Every structure is written in C-alpha cells, then in structure tokens.
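So the structure is just underneath, and the comments pick up after that.
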Amino acid sequence: MATETLTAKDFSTDQEVRWCPGCGDYSILAQVQKIMPGIGVPKENIVIISGIGCSSRFPYYMNVYGMHSIHGRATAIATGLKASRPELSVWIVTGDGDSLSIGGNHTIHILRRNLDVNIMLFNNQIYGLTKGQYSPTSEEHKITKSTPYGSIDHPFNPLALALGADGSFIARSMDRDPKHLQAMLNRSHQHHGTSFLEIYQNCNIFNDGAFEIFTEKKSKPDETIFLEQGKPLVFGTENDKGIRIDGLKPVVVNLQDGFSKDDLWIHDETDFYKAQVLTRMFDSPHIEGHFPRPFGVFYETQRPCYEDIMLMQIEEAIAKKGKGNLDQLLRGKDIWEIA
Amino acid sequence: MNTDETILKDVVIKFAGDSGDGMQFTGSQFTENTALMGIDLATFPDFPAEIRAPLGTVPGVSGFQLRFSSDPVYTPGDLCDVLVAMNAAALKVNLRGLKFGAKIIANKDGFDAKNLRLAKYADGVNPLEDGSLDGYEVIEMDVTRMTREALKEFSTLGTKEKDRAKNMFVLGFLYWMYNRKLENTIKFIQQKFKNKTDILESNLAVLKAGYHYGDTTETFTSRYKVEKAKLPPGKYRSIMGNQALVYGLIAASQKSGLPLFLGTYPITPASDILHELSKNKSFGIRTFQAEDEIAGISAAIGASYGGNLGVTSTSGPGLALKSEALGLAVMLEIPLIVIDVQRGGPSTGLPTKTEQSDLLQAYYGRNGECPLPVIASSTPSDCFYAVFEAVRIAVQHMTPVIFLSDGYIANGAEPWRFPQTDDLPEIEVHFQKKLPEGSDQFLPYLRDDKLVRNWVVPGTPGLEHRIGGLEKEDITGNVSYDTNNHQHMVKTRQAKVDYIAQSIPLQKLDSGPEKGKVLVLGWGSTYGAIKSASLDLQSEGHAVSHAHLRYLRPFPSNLGEILKNFDHVLIPEINNGQLIKIIRDQFLIDAHGYHKIMGIPITRTELVDEIRKWL
C-alpha cells in the first residue's frame, strides 16, 4: 500500500475510544494519526506497544500492528521486537507510572542500549486507571487518595533521568499544542536511536490543571520556553525575556534592561552539557524566581543502535566461520565410534 | 617395573578439593578421556555456590563424581570406589559416600595442622594417622611437594602459580592408574594456554610427572582397565545437559526456519545456555542479556510476536519473576519457550544443588486460569530431543511451553550417539499472509480444528490488528468483558492445551511388565536411579515396572490406563511431593511418594529399598 495515499483516518480503528471526555489523550491520538501518513513507513511496518494505564489503551485506536501488554514491560517487549525485526517502526506508548515506576528499570536500559524506537511518555503526574494515587512524577506534598496527608516522595525529573541514562534523543511537548506535538513526533521518528518524548497530558478527572500554567494562553508565554536549534532562548509575552549562561548557571535576563539577543544562550541540541542544564530547569512554577519550563528537543546525538550492532556481530560471525552447520555442531570436536 | 593389569567393570571416582583446586576441570578432563575410550559414563558435579568459599573449609569443598563402566551406566553411582581428597575438608565431606575398602588418594600436604583445623578436626586428630581409615586403602601422596619439584626449573613462576598445577599431578597419576593416554588433555592444555607459554609448559610437566610417578614408584603394583562399553553402534560424543539443550534449540530453529532469539538474565544453573547460544551467532542467533528476568521473557515475547522463535532461560526464582509475562503469552497465544533449570528452593535456596521443586510452579504458578504445556528432560542428552519437541508444540499449537531441566542434568555429562541433521523431522510453521478468500475482515482469534489461532506477524500488509492481555472476544480478539465470553475463553484455552495430548506419543514403559505389582512413575532427572533400581528388582524376578514422563501437561492420553495396571504406583521425586499431587488429582489413585529433598540426586540403593516396601 502506498503511504502517500493514506490520511489520518486510515490510522483510526473501529474501536470506540474509551478515555474520559476531555482527556488529553484524545489530542495526542489525533496528532499521532495525523503524522503517520507522512513518515514514509508502510502501515504494516508500524507497531505500537503499550504497557498498562490509561494511555496504554492507545494501540486499540491505531490501525497498525499493536500490543497492549503488561504493566511497565512495553519497553522490554519492544526491545525484543526491534532487535529481531529492525525494519519495523516501533512506537512505545507509556505513562509516568508505567515507565518510571513499575517499568523504570526497562526505561533506563532501553535508553542506554539505544534501540531505534520512539517512546511517547504521557505524563499526567497521577495514576488515572487506578483512580487517583500519586505517581513518581507527582509533586511533593500532593494530596491524593493514597496520600491524604500529602505525598512524601520526591518526584523524578523524567528528562534528566533519560539524559542520565545516556538517551540519544530527549524532548518535551504537550497535549494542548498540537502543532508542536506533531513536530516533536516527527523528530522522534526521524531520530535513529531511542527517542524519549515526554508529553505533558492533562488528566481532567484526577489531576486537572496540573500543567495549566504551561498550556493556558495567559501564562504560557512567561512560563514556557520553546527550544529551537540555533536560536537564542527567548520567552515572555513580548519576547522580552531571555536566558543567558553565566559560568555553568542559567540566568533569566530582561531584554529591555541592558541585554540583547546576542547575549543569550543559543540553543544547540548537540551540546550534551547544555542539555543537562536545560533538563534541570525544572523547578516549580510556584517558586519565586523560577525558570520557564523548556519544550522542544533538548538533546540529540547519533550513536550506534543496539539492533544494528547485534546484526553486525551475526554477519561477522558468518563471514568468519561460514553459516552455522548443524551437523558440525552436533558432532563437536571429539567423537568415537562403536562398531 | 612390572605391574599387573586388573580388568574392572565399573568404577566410581570422586574428585574433591577446595573450590579453587580445579576439581571440576580435573573431573571433566578425566570424563572426556573416558568417553573417547568408548566407555559408558555418567557424571555428577557438586560445587559450592560461592566462587571461592573460605579455603580449606567444609563448605568450600567442590566435588566431581564420575562413574564409568563397560556395562550401561544410568547414574553417577551411589557410593565411590575411589576418592581423591586434596585436603582434610574434602575427606570429611566425602567419607560417608565411600564404599567400604575404597581407595583414598590423599594429598598429604592438605592434611597439615592448618588444614585439619579449618576442616574442624579435633586438636591433634589426623585421620591419616589415627587409624580411622583402616577399612580403606589410603594412598598418601605429597602432591604439593612433587608439583613444586617438577617445576623447579620454571623460574618465571611463583610458588602460588606452581601450586595451581597440583590438580594436573593427580590427573596424570589417575591416567596412569587407569591405563589411559594423555593426548586429549595435552591437546586441551595446548589450546587453552596457547598464549601463555610458561603456564602451558608447567601444566604439561606436572601432568607427565603425575603419570611417571605412578610408573616409577614401586608402591603401585596394579593398574586398572575398564573395557569399552557395549553401546549400540554409531558415532558418539560426550554431552552435558545445558549443551544438549542449546543444540536442541538450534536444531529446532533450523528445522522450523524460525530465527532464534534468547532473552535472558544470568542465573545458576541456567547461565550456560546463554553462554553457549552466544557462541553460535553464525546460526543467525540473537542473544539478549536483559536487565532482569522480566525483561528477558518480555523481549522473548516481543521477538515471538515478530515471528522469531522466542526463548527465555532461567531457574526457579527467575520463573517466579516471569509469571506475569507468561500469562500475557498465554493470552496472546503466541509460541514461546521458557526453560527452567531447577535448583533447590524456596527463595534463593540452594543455587548449585539440584531439586525438582518447580513442577507445581510450572503447572499452576500464574494468576488466573492459565494453562500451558510442561515438558521435562530426563538425562543430559534427552535435553536435546525434549526441547526440540517443546519447540514443535509451541509453534504448532501457538502456546508458551515450560521446559523443565535441573542442575543435575544441566551439569551432568554422558556419551551421546548424536543424530544427523537429516534424521531430525522438520517443524512445520504456518504464517498467515493474507485474508482468506471472500473475507474482508481479519479475525485474529479464529481457530482451526485444534483450537489454534493463526500466527500473523507485523509487516504483513492488510492484516494489521491489535492484541493484548485484556480478555479477548472469541474470534475477533477485541477487548471483551462479557461474562459468557470469559467463561468460553477460559474453557477454550484449557481445551487447546488438552488437545495437545493428541499430538504427542502414547506413554511407554521404560522397563518391566505391562501389568504388575509396582509401577515406579518418574519425571526428570530421577530417570537413571529409577531405571537402575527397576532393572535390579526385575532381575530378581519382581513385577516392577518403570514409566518416565516427558510430557507433564498434558499427560499422554493412555497414562490413566497404565496406572490402573499396577497394585501400587510409587512416585519418587526430589521435592516434597509435587507430581504425586497432580496424579492423585487427575486420576484419583492412592499413589505413594518418596521424597528426598537434600539437594542431591536419589540413589539406586535407596530406591531399591523403597520399592521393596510395596512388593
């Protein structure tokens, strides 16, 4: 089937979508369906694997190959699939509980191995499917069903964690910015290696408004900063603020107050050290003097993919020893004969 | 000088020393040498879980038992004829496993004050001197001193390095004693140390010194010889259980045309499966050492989903971790091989000791109604055929299969009349590639007359579909919470596994009359002991028969008939009674159990005594 004749509709299924009305997942599903016809992969070669959680229902709504697996293991299942079938385009749908709590181990290991798959982490900072417990990305002191006195857990910083595990593509987007999300999905696909895309997703039932400050028109310009390759870090309603580097520290500066764009930090996706600083711009927007939250591609680097090296080793072994010969193997080195 | 040559039929030797003394190496070299002579054999390596347990202590003793005979050998022997004791602890641990009058080859240097103290002998007591070994033939050798003597010209080696060659002295001496040639070991050493000339030369020198010591010392007037065994004609090699298992997997991969993918996490005693498969990449094999047991099986599921032969290997604790993912594979109805090389449990248990205590875990150890086939191997070489069969069942019945081996089989060796590729059957695999004529909708859970659904792999145009762990609607595979559908699907998954009984051979008796007094029913590594005990009692004229199960779930369809033909059914197991529970449950018979849970195999002698109780 030629891919260019397909539309978003071709990627939807006859299954009734069962997320709560108003859930951020709807927008993410729509953006994924929109970009799929354009990624240049035949529909039959696309596989979506999910774990458990609200977001993990995703595969049922995508008319490609899909597996709704078990809690936390989508990354491990995808590893086996991609390692044995490198020609497939493998997408992982996971949530903050699925990928950072029960499946945390598999998440860091797929990142270090760098299989060429795309991880879409739907982060809503809450457990939705089990009806409202705090998650590993929930803020401290959060009152939930399981933390009536407030959560005493310190949350993960997902992108810092991914970078710490040597992820080769680190990005953030949000459900409420369809264009940006589409762009990030396309970039994730284009990256050869494990793409880690965190998507802020609103759970309007159990954690409504968790990301409001970043997504609402009124606060968005001052509270977010959109990273673009080669461009200075500018933000603010009037594009009047920027970030410059002072030694190893980022500093917010006012462009109407003696600083020009030339003084600002120029975003470079390939700079690992700067990426570390960017992922750490993660403080609560309720704290005085906080940084805006960055969105976009924080970091991208090219390093060999696990499945490619795996295949190379097989090819080398065959080149060196010839294709495996079962009779030779069974016979071994030393035999004796009984007449 | 003149030495007599005595022909022996059957010899059991135990090599015992510190875990750093190289006893496993010495034992396996002697085994290789014995095999190449065409003598039948069985081995039982027995080592501590610690890589280097405290030197000289009882827990640090590593042993390797080898039985060789001109008659067929089914077990590594109950009691030993010869003990090589490299130190006092090795003697202490193994004395009760010796026949009365057995030879004890004692390394004198390992019985000094320090070693006696470490072995916890009372102050001033030396078993070599206090007459406690009077019933045995003790051969004292100053192995350490003679090893150093043999290496006095090797100025580049320190004393510590020289002492490491001690085991070669013993090996050389035993080669002399049993009238062997040194070639296989010389070849092995030359290969192993080809880049370390001094180590290579010193090992050879000590090996030869040990051999000549036998030759030139007047103490030893007798050499022994065991004739070739009367095995069926053919070409033989020596094989260990985990190795045979790997060859079986590779053969099944070749014969099915499915690329092999192993997802696994290292665990004793299963790790050699990973090592051996990783060596054989030229067969297109992918091995994935995962971050944990769960990732191991999950990756194997991913590979199977993609049309590979997905395999995961583990031992009891790992199987426990894999159980949720196993449930997913049952729900997805895709082929998967799960290998459990059992060890002593529960929890971490006895990692290096053998046990058959995961049968109930394999049978029932999952949430929900979750049936799947269970297959067990009974000897090292049987691992080859049994795992080949496990693969056939997995791919032809679209189901995960649990394959049970154990530490005893995994590390034990025996001669194997290996098959030729052409002798092995093809494993037919069918992938659905398109919609059936006249149909416009793909139905992932449509079944054939064996209740098996089609295998459709990603990359197949027009058959895109979704599967998962939620209950499936019959035929369409859509998510369904319908009450009647769930009942139907639970029954269907069970019926699908039950149906496999029609594609496996009928159960045969291994030996004995079809009707009689006692049927000894076994599974797994008790095969040799039950076989020898049954043959012994049959030769005395008793109506004892032996049946050994490879197919544990489902059972062969005639098993119930067989059980009815005997007054008593005795089920010996290295556990606290597991198969017996299932047999009682399924056949409502008053079976008797014999349970040994000591981390070691059941012996022929104790089984003979046990069977007699029911005669």
Side-chain angles (χ1 to χ4, degrees), chain A residues 1 13 15 42-50 52 59-60 62-85 87-88 105-106 108-109 310-311 313-314 316-318 320-324 326-327 329-339, chain B residues 32 35-38 184 228 231-238 247 250-251 254 259 261 263 280-286 288 290-292 294-295 298-303 305-308 310 324-325 327-328 332 418-421 458-470 478-479:
Chain A
M1 211 178 285
T13 67
Q15 300 293 299
K43 200 163 77 134
E44 65 271 16
N45 280 355
I46 300 170
V47 187
I48 300 184
I49 297 184
S50 65
I52 293 293
Y60 294 120
M62 289 290 305
N63 189 17
V64 292
Y65 281 93
M67 188 197 293
H68 177 209
S69 76
I70 45 176
H71 208 4
R73 318 304 167 203
T75 28
I77 292 170
T79 296
L81 179 63
K82 183 70 185 182
S84 59
R85 296 282 308 277
E87 76 278 19
L88 299 174
N105 197 25
H106 311 311
I108 54 178
H109 288 278
M310 190 178 229
L311 189 63
Q313 281 195 340
I314 292 175
E316 275 170 15
I318 292 172
K320 209 170 140 191
K321 296 186 188 171
K323 229 170 169 221
L326 186 59
D327 275 318
L329 179 77
L330 298 183
R331 186 189 179 283
K333 278 185 190 139
D334 290 311
I335 64 161
W336 66 96
E337 197 158 355
I338 290 179
Chain B
E32 190 76 33
L36 291 171
M37 302 275 296
N184 76 305
K228 273 188 183 196
L231 296 168
K235 286 178 183 154
Y236 285 77
R237 61 168 289 169
S238 171
Y247 293 175
I250 296 176
Q254 298 277 303
F261 181 95
N280 284 293
K281 286 194 196 299
S282 60
F283 286 90
I285 294 165
R286 288 174 162 88
F288 171 60
E291 56 272 25
D292 60 29
I294 299 171
S298 298
I301 287 173
Y305 174 61
N308 280 238
E324 188 198 10
L328 175 66
L332 297 179
F418 54 92
Q420 302 293 308
T421 304
T460 314
L463 301 185
E464 293 86 357
H465 66 286
R466 277 63 56 193
I467 53 177
L470 285 168
N478 290 333
V479 174

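Every heavy atom of this structure was used, including side-chain atoms; hydrogens, water molecules and symmetry mates were not. To find a chain, count down the sequence lines: A is the first, B the second, and so on, and within it residues start at 1. Treat the numbers as computed from the prediction; the structure is a model and nothing was measured.
- In terms of non-hydrogen atom pairs under 4.5 Å with chain A, the most contact-rich of B/Tyr305, B/Tyr247, B/Phe283 is B/Phe283.
- For A/Met310, the part sitting under 4.5 Å from any heavy atom of chain B is the side chain, from C-beta outward, and nothing else.
- If you measure heavy-atom distances from B/Phe261 to chain A, the contacts under 4.5 Å come from the side chain alone.
- Of the listed residues A/Asn45, A/Ile108, A/Asn105, A/Val47, the one with more heavy-atom pairs under 4.5 angstrom with chain B than any other is A/Asn105.
- Among the candidates B/Gly469, B/Gly38, B/Gly234, the residue making the largest number of heavy-atom pairs closer than 4.5 Å to chain A is B/Gly234.
- Both the backbone and the side chain of B/Pro419 come within contact range of chain A, judged by heavy atoms closer than 4.5 Å.
- For the options A/His71, A/Gln313, A/Lys82, A/Lys321, heavy-atom pairs under 4.5 Å to chain B are most numerous at A/Gln313.
- In this model, no donor atom of one side chain and acceptor atom of the other lie less than 3.5 Å apart for B/Arg466 and B/Asn478.
- A distance of 4.0 Å separates CG in A/Leu326 from OG1 in B/Thr421, rounded to the nearest 0.5 Å.
- Listed for the A/Tyr65 side chain is a donor-acceptor partner under 3.5 Å among the backbone atoms of B/Thr460.
- Ranked by non-hydrogen atom pairs under 4.5 Å with chain B, the options A/Leu311, A/Ile49, A/Ile335 are led by A/Ile335.
- A/Leu88 touches chain B through its side chain: at least one heavy atom from C-beta onward sits under 4.5 Å away, while N, CA, C and O do not.
- Note that CD of B/Glu464 is 6.0 Å distant from CD of A/Glu44, once rounded to the nearest 0.5 Å.
- Ranking B/Lys281, B/Arg237, B/His465 against chain A, the residue ahead of the rest is B/Arg237, based on heavy-atom pairs under 4.5 Å.
- Counting heavy atoms from C-beta on, the side chains of B/Ile294 and A/His106 come closer than 4.5 Å.
- Remark: the backbone N or O of A/Leu329 is not paired with any side-chain donor or acceptor of A/Arg331 at under 3.5 angstrom.
- Interatomic distance, B/Leu332 CG to B/Ile467 CD1, rounded to the nearest 0.5 Å: 4.5 Å.
- Both the backbone and the side chain of A/Lys323 have a heavy atom closer than 4.5 Å to some heavy atom of chain B.
- Using cut-offs of 30° and 60° for the angle between ring planes, the A/His68 and A/Tyr60 rings count as perpendicular.
- Taking the salt bridge (Lys or Arg N to Asp or Glu O under 4.0 Å) definition, one finds that A/Asp334 meets it with B/Lys187, sequence neighbours left out.
- Proximity to chain B is limited to the backbone of A/Ala339, based on heavy atoms less than 4.5 angstrom apart.
- If you measure heavy-atom distances from B/Ala295 to chain A, the contacts under 4.5 Å come from both the backbone and the side chain.
- Of the residues considered (B/Gly468, B/Ser282, B/Ala299), B/Ser282 shows the highest number of contacts with chain A, using heavy-atom pairs under 4.5 Å.
- No other option in B/Ile301, B/Asn184, B/Val479 has as many heavy-atom pairs under 4.5 Å with chain A as B/Val479.
- Across B/Gln420, B/Glu324, B/Arg286, the residue that shares the most heavy-atom pairs under 4.5 angstrom with chain A is B/Arg286.
- Between B/Met37 and A/Trp336 there is no side-chain heavy-atom pair separated by less than 4.5 Å.
- Within the 4.5 angstrom heavy-atom criterion, atoms from both the backbone and the side chain of B/Phe288 approach chain A.
- The side-chain hydrogen bond (donor to acceptor under 3.5 Å, both in side chains) test applied to A/Glu87 returns A/Arg85, not counting sequence neighbours.
- For B/Pro458, the parts lying near chain A are the backbone and the side chain together; criterion is any non-hydrogen pair under 4.5 Å.
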